[in-house]
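Atoms within each ligand, like the ligands themselves, are counted from 1 in listed order.
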Amino acid sequence: MAGRLAGKVALITGGAAGMGAAFVRLFAAEGAKVVAADIQDELGRKVAEDVNRTGAQALYVHLDTSRQRDWTNAVAETVARFGKLTTLCNVAGIYRTEGTEAETVEGWDQLIAINQTGVWLGMKTAIPEMKKAGGGAIVNISSVAGLSARPMAIAYHAAKAAVHLMSKVAALEYAEHGIRVNSIHPGFTMTSTASMLPEEMKKALAEPVPMRRAATPEEIAYGALYLCSDEAAIVTGTELVIDGGLSARH
Ligand SMILES: NC(=O)c1ccc[n+]([C@@H]2O[C@H](COP(=O)([O-])OP(=O)(O)OC[C@H]3O[C@@H](n4cnc5c(N)ncnc54)[C@H](O)[C@@H]3O)[C@@H](O)[C@H]2O)c1
């Protein structure tokens, strides 16, 4: 199949729902062979089945981003099925609202394990295969919360800020191997989880956005499509903010 990602094999975490599922569908439509990885097995299998019905190729694998063993299995299954791994999108993430005093050690540890350690484990496990493939592209989903602060959600801000700089570190380490690493910083995005918020909260989140609305998951996926395609062959170690202008206002 021709497309902007023809010849690529992409592993996408959080692929069962929200932004990750939009990445899976768009990447497959653009010619990549795609592995959707998540902990929601039933939903994830359905996303892969939907893609396969379109004539594109997708596979679902169970992966908890915080577990090295799951990463090892997911990368091995990707290579066994599609022959190589060229592209990794670390999309999976959880959110916690707790501020500095209210956050618990258990809550902190869980969020950091999934949102931050998970991104590192993903890069650590995928990069050897990308080297074998002669290069690759990694997109790590951070957030506008990784670039500037608001009160509360201290663990989330900590993890997203870490993902921002971890992406730059890896970009510098692997540039000579032809492996590009960039981060995307979405603002408020109307994913399945976000659409379940009370109407009042959705309004309050959209209100400060200059474009006056949330992004769609597809609008974030188009940014990742560019960064993972050969159109971005010289783009590494940078950040793409997709937030309707929110962070331009300071
Ligand atoms: N929605 C927003 O407004 C927004 C804004 C900025 C950044 N983000 C980031 O975008 C990413 C996707 O968010 P979303 O809104 O699509 O969320 P979502 O809750 O709709 O989807 C997240 C997916 O990650 C999966 N997941 C959760 N824990 C996991 C784990 N341990 N291992 C593997 N998969 C796991 C879930 O099962 C789910 O399928 C997250 O990293 C989030 O922090 C979201």
query: Can we say Asp230 and Lys8 salt-bridge, meaning some charged N sits less than 4.0 Å from an Asp/Glu carboxylate O?
result: yes
Carboxylate-amine/guanidinium contact Arg4 Glu231, below 4.0 Å: yes
field: No-hydrogen, no-angle side-chain donor-acceptor test under 3.5 Å, Gln68 and Thr125
entry: yes
Any side-chain donor near an acceptor of the partner, Tyr156 and Asn115, under 3.5 Å: no
message: With side-chain hydrogen bond (donor to acceptor under 3.5 Å, both in side chains) as the test, pick out the partner of His62 among Asp41, Asn73, Asp38.
response: Asp41
- prompt: Hey, what's the ring geometry for Phe27 with Phe23, parallel, tilted or perpendicular (30° and 60° as the breaks)?
  reply: parallel
- request: Check each protein residue for a heavy atom under 4.0 Å from ligand 1 and list those that pass, ordered by chain and number.
  value: Gly14, Ala17, Gly18, Met19, Asp38, Ile39, Gln40, Leu63, Asp64, Thr65, Val91, Ala92, Gly93, Ile94, Ile114, Ile141, Ser142, Ser143, Tyr156, Lys160, Pro186, Gly187, Phe188, Thr189, Thr191, Ser192, Thr193
